[in-house]
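One is the number of the first residue; the rest follow in order along the sequence.
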Amino acid sequence: MSSVSPSFFEVVSYTPPDAIFELTKTYNADPVARKVNLGQGTYKDENGNPWILPAVRSAKEKIKDSNHEYLPILGLPSFRTLAADLVFGKHSAAIREGRVASCQALSGTGALHIAGTMLKQVLGRDTTVYITKPSWSNHRQVFESIGFAVQEINYSSSAGVDMQSLIQTLNEAAPKSIFVFHASAHNPSGWDCSPAQWKQIGAIVKERQLFPLFDAAYLGLTSGDYDRDAFAIRYFADELGLEIAVCLSFAKSMGLYGERVGMCAFSSNTPTITAAVESSLARMIRAEISNPPAFGARIVAAVLEDEELYAQWRKDLVTMSSRIAEMRWQLYQGLAELRTPGDWKRITEQKGMFCILGLTPDQVHYLQKEYHIYMAESSRVSIAGLNGSNVRYVAECINQTVKR
Ligand SMILES: Cc1ncc(COP(=O)(O)O)c(C=O)c1O
């Protein structure tokens with residue numbers, strides 16, 4: 001046998017696996033029947049099963065004879081038009097005046113990557129990206145992988161949004177800094193800004209010429225009303241007339257996790273700028289993935305373009321958001337009835353899929369080892385993993401763990 005040449009890959013150091021995906025893997029491998037996964041933020045129905053939304057089920061039936069040709073580089077045209085109308089609002093001046101550039105993206109994460117890559121060309125590599133602390137675990141690495149310096153803004157405490165710190169950071173950041181805002185259902189804190197707080201933030205963003213990027217992964221799922229959840233985006237784009245980026249995902253709002261369907265959109269000042277931005281997006285996509293996947297985009301378009309399916313989807317959003325709200329309430333009630341030491345009221349005050357329970361890493365490990373209840377080490381739980389048959393058990397186990 002000839003001798004082995006030195007490896008080209010010796011410079012590569014080992015990267016530990018992603019904590020949340022690893023947690024799901026450990027959960028799946030756990031043979032115990034009475035186990036609960038509160039780690040990954042995917043919606044489950046009241047029986048603990050993944051839920052195919054009725055609107056999506058019907059849409060799949062409608063598109064079943066579609067061909068398998070390539071989509072255009074920027075994505076399925078009807079999907080892009082309908083998704084932009086959905087998020088900006090049909091009556092948006094930015095839409096009416098042709099000032100929204102968009103492209104289909106590989107779900108919310110892909111949209112963040114495209115938006116970041118575009119903004120690096122526009123604002124330069126010395127721009128700082130501000131993300132919230134805490135934030136979704138992937139934000140930092142998405143923007144650092146593009147080459148940006150990432151800084152954190154103190155966003156929340158156990159009592160709600162820390163407006164004072166947020167405003168201070170907005171006032172101190174260099175002009176043109178990028179601020180990654182969670183449009184609704186802040187992950188992981190569950191604390192959202194009120195419309196009045198968004199107005200305060202918007203005024204500073206405008207005055208100080210900062211760039212707002214909205215991560216819109218949970219629109220519709222937060223309150224059950226898409227328009228209401230899109231308030232901040234529409235306020236910044238239309239009322240304030242700002243140039244913004246929107247990174248939209250249909251993973252949560254349509255339950256299309258594996259289809260990787262999303263959109264990256266920029267509102268800008270003129271249709272001419274918009275055309276140039278869109279052409280640049282097309283160049284980026286051609287170089288990166290050539291053209292996006294068709295299946296998920298066809299499903300979304302079929303739901304949004306059909307009056308009946310659209311009405312059904314609005315109901316589906318209410319079904320998901322009300323089940324999450326009900327589970328928040330039942331978990332809180334369980335802990336309160338058991339007189340579990342701690343401040344649990346916030347579970348019902350926070351919004352969206354997630355909430356941070358405020359347990360120590362030791363308590364989190366104990367819950368996993370002793371009771372087979374899985375959650376992130378920060379004690380962030382996905383409320384959608386709770387249901388009628390496990391919520392009381394989870395409350396009892398948390399109670400036992402806290403009182404230990
Ligand atoms: C805040 C936030 N942004 C973006 C995403 C992206 O999700 P996806 O790429 O699956 O659409 C997620 C997913 O959990 C999220 O929580």
Aromatic ring pairing H182/H139, orientation class (parallel under 30°, perpendicular over 60°, tilted between): perpendicular
E172 versus Q168, side-chain donor and acceptor atoms under 3.5 Å: yes
Summary of salt bridge (charged side-chain N to carboxylate O under 4.0 Å, His left out) pairs that have at least one residue in residues 234-259, sequence neighbours excluded: D227-R234
Closest non-hydrogen atom pair between L281 and C103, with its separation: CD1-SG, 4.2 Å
Partner set under side chain to side chain contact (heavy atoms under 4.5 Å, CB included) for E46, not counting sequence neighbours: R323
K315 NZ: over 12 foreign heavy atoms closer than 6.0 Å: no
K90 atom NZ, over 12 foreign heavy atoms within 6.0 Å: no
Rounded distance (nearest 0.5 Å) linking atom CD1 of I299 with atom CG of L309: 11.5 Å
Sub-4.5 Å side-chain heavy-atom contact between Y393 and I373: yes
Test log, rule side-chain contact (heavy atoms from CB on, under 4.5 Å), inputs V205 and L240: CA-CA 10 Å; V205 166; L240 296 177; over 6 Å; no
Contact list for residues 281-322, test ring-ring contact (aromatic ring centres under 6.0 Å, His included), sequence neighbours left out: Y226-W313
Pairs touching residues 93-121 that satisfy salt bridge (charged side-chain N to carboxylate O under 4.0 Å, His left out), sequence neighbours left out: E97-R99
Donor-acceptor contact present, side-chain R208 to main-chain A173, <3.5 Å: yes
Backbone N/O of P134 and side chain of S189: donor-acceptor pair under 3.5 Å: no
Pair Q151-T128, side-chain donor/acceptor within less than 3.5 Å: no
Note, I356 side chain near Q350 side chain (heavy atom, < 4.5 Å): no
Nearest non-hydrogen partners of T274 and S268, listed with the distance: OG1-OG, 2.8 Å
Salt bridge (charged side-chain N to carboxylate O under 4.0 Å, His left out): pairs with one or both residues in residues 54-64, sequence neighbours excluded: E61-K64, K62-D306
Only pairs under 3.5 Å count here: list side-chain donor-acceptor contacts from residues 284-291, not counting sequence neighbours, and write none if there are none.
| unit_1 | atom_1 | unit_2 | atom_2 | d |
| --- | --- | --- | --- | --- |
| R286 | NH1 | S290 | OG | 2.5 |
| E288 | OE2 | H113 | ND1 | 3.3 |

Closest heavy-atom pair and its distance - C247, A111: SG-O, 3.5 Å
Point-to-point distance, once rounded to the nearest 0.5 Å, from CE of M254 to CD1 of I52: 14.5 Å
Passing option when D30 is tested against Q368, K25, K35, H372 for side-chain hydrogen bond (donor to acceptor under 3.5 Å, both in side chains): H372
Contact check, side chains of S382 and T42, non-hydrogen atoms, under 4.5 Å: no
Non-hydrogen side-chain atoms of Q104 and L71 separated by less than 4.5 Å: yes
For N138, side chain to side chain contact (heavy atoms under 4.5 Å, CB included) partners two or more places apart: T109, W136, Q141, V142
Ring pair (Phe, Tyr, Trp, His ring centres under 6.0 Å) involving F143 - partner list, sequence neighbours excluded: none
Plane angle bin for W329 and Y332 - parallel if under 30°, tilted between 30 and 60°, otherwise perpendicular: tilted
Approximate separation, where rounding is to 0.5 Å, of D215 CG and F181 CZ: 12.0 Å
Note, C193 side chain near H186 side chain (heavy atom, < 4.5 Å): no
Non-neighbouring partners of Q330 that pass side chain to side chain contact (heavy atoms under 4.5 Å, CB included), sequence neighbours left out: E326, M327, V391
Verdict with reasoning, V36 to Y371, per side-chain contact (heavy atoms from CB on, under 4.5 Å): CA-CA 9 Å; V36 184; Y371 303 114; over 6 Å; no
Test side-chain hydrogen bond (donor to acceptor under 3.5 Å, both in side chains) applied to S223 and D229, step by step: CA-CA 7 Å; S223 68; D229 294 350; 2.7 Å; yes
Trace of the side-chain contact (heavy atoms from CB on, under 4.5 Å) decision for C355 with R346: CA-CA 9 Å; C355 132; R346 63 174 185 270; 5.9 Å; no
Under 3.5 Å: donor-acceptor pair, side chain of Y257, backbone of Y43: yes
Side-chain touch N37/T24, heavy atoms, less than 4.5 angstrom: yes
I114 side, atom CD1; L119 side, atom CG - distance, nearest 0.5 Å: 11.5 Å
Side-chain heavy-atom pair Q363, L357 within 4.5 angstrom cut-off: no
Criterion side-chain contact (heavy atoms from CB on, under 4.5 Å) on L359 and L367, from CA distance to verdict: CA-CA 10 Å; L359 304 175; L367 278 162; 3.6 Å; yes
Backbone N/O of A276 and side chain of S279: donor-acceptor pair under 3.5 Å: yes
Contact check, side chains of F179 and L170, non-hydrogen atoms, under 4.5 Å: yes
Side chain to side chain donor-acceptor pair (under 3.5 Å) involving R140 - partner list, sequence neighbours excluded: E144
Rounded distance (nearest 0.5 Å) linking atom CZ of F266 with atom CD1 of I244: 10.0 Å
Rounded distance [0.5 Å steps], CG in L86 versus CZ in F79: 9.5 Å
Partners meeting side chain to side chain contact (heavy atoms under 4.5 Å, CB included) with L338 (sequence neighbours left out): T340, R392, A395, E396, N399
Heavy-atom pair of closest approach, residues A105 and G110: CB-C, 4.0 Å
All pairs passing salt bridge (charged side-chain N to carboxylate O under 4.0 Å, His left out) where residues 68-80 contributes a residue, at least two apart: R80-E278
Minimum-distance pair of heavy atoms, taken over all atoms of F148 and T127: CD2-O, 3.3 Å
Minimum heavy-atom distance between V364 and S379, given as atom pair plus value: CG2-CB, 3.7 Å
Side-chain donor or acceptor of N47 paired with backbone N/O of N49 under 3.5 Å: no
